[in-house]
Amino acid sequence: FPRLIQKTKHGSNHTFVELFWENKNFSMPVEVFYNSNTGLRQRRLSLSNKPTMIAIPQHNKIKIDPNKRILLTISKID
């Protein structure tokens, strides 16, 4: 299975989430859900093995591939 790396850093007002595929020369879009200041957000991120960062409100959680459409392994690094 492809391995998705999730790095999380907590700032003063936001939580920064970096997502990227561990597999070289691999790219695939992934849907993510999270709560923003204006309600539930759904985004489709085009990911590769280069990090993509999104900022979410501080200490919120992000749900990756909530509909389980992709066979993947997620490695979390805090």
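Heavy atoms only: backbone and side chains are in, while hydrogens, waters and symmetry mates are out.
Under the side-chain contact (heavy atoms from CB on, under 4.5 Å) criterion, S48 pairs with S27, K50, sequence neighbours left out. By the side chain to side chain donor-acceptor pair (under 3.5 Å) test, E31 pairs with Q42, sequence neighbours left out. Every residue two or more places apart in sequence or in another chain that forms a side-chain contact (heavy atoms from CB on, under 4.5 Å) with T73 is listed here: F1, R3. With sequence neighbours left out, H10 forms a side chain to side chain donor-acceptor pair (under 3.5 Å) with T15. The side-chain contact (heavy atoms from CB on, under 4.5 Å) check on N49 picks up K24, with sequence neighbours excluded.
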Taking distance alone, no hydrogens or angles, what donor-acceptor pairs closer than 3.5 Å link side-chain atoms of residues 64-72 to residues at least two apart or in another chain?
| from | atom 1 | to | atom 2 | distance (Å) |
| --- | --- | --- | --- | --- |
| D65 | OD1 | R69 | N | 3.1 |
| D65 | OD2 | R69 | N | 3.1 |
| D65 | OD2 | I70 | N | 3.0 |

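For the atom pair CD1 of I56 and CZ of R41, the computed distance is 11.5 Å after rounding to the nearest 0.5 Å. Note that CD of E22 and CD1 of I74 are 13.0 Å apart. Values are rounded to the nearest 0.5 Å. Between the OG atom of S36 and the NE2 atom of H14 there is a distance of 10.0 Å, given to the nearest 0.5 Å.
I62 is connected to L47 through a chain of hydrophobic side-chain contacts under 4.5 Å among Ile, Leu, Val, Met, Phe, Trp and Tyr, so both are in one cluster. Both I54 and V30 are members of a single hydrophobic cluster when ILVMFWY side chains are connected at heavy-atom separations under 4.5 Å.
Judged purely by atom type and a 3.5 angstrom limit, N23 has no side-chain atom pairing as donor or acceptor with the backbone of P2.
In the hydrophobic clustering (ILVMFWY side chains linked at under 4.5 Å, chained through shared members), F16 is joined by M53.
Closest of all the heavy-atom pairs between Q58 and S12 is OE1-O, 3.1 Å.
Side-chain contact between V32 and L19 is present, with at least one heavy-atom pair separated by less than 4.5 Å.
Residue pairs meeting the ring pair (Phe, Tyr, Trp, His ring centres under 6.0 Å) criterion with at least one partner in residues 17-37, sequence neighbours excluded, are W21-F26.
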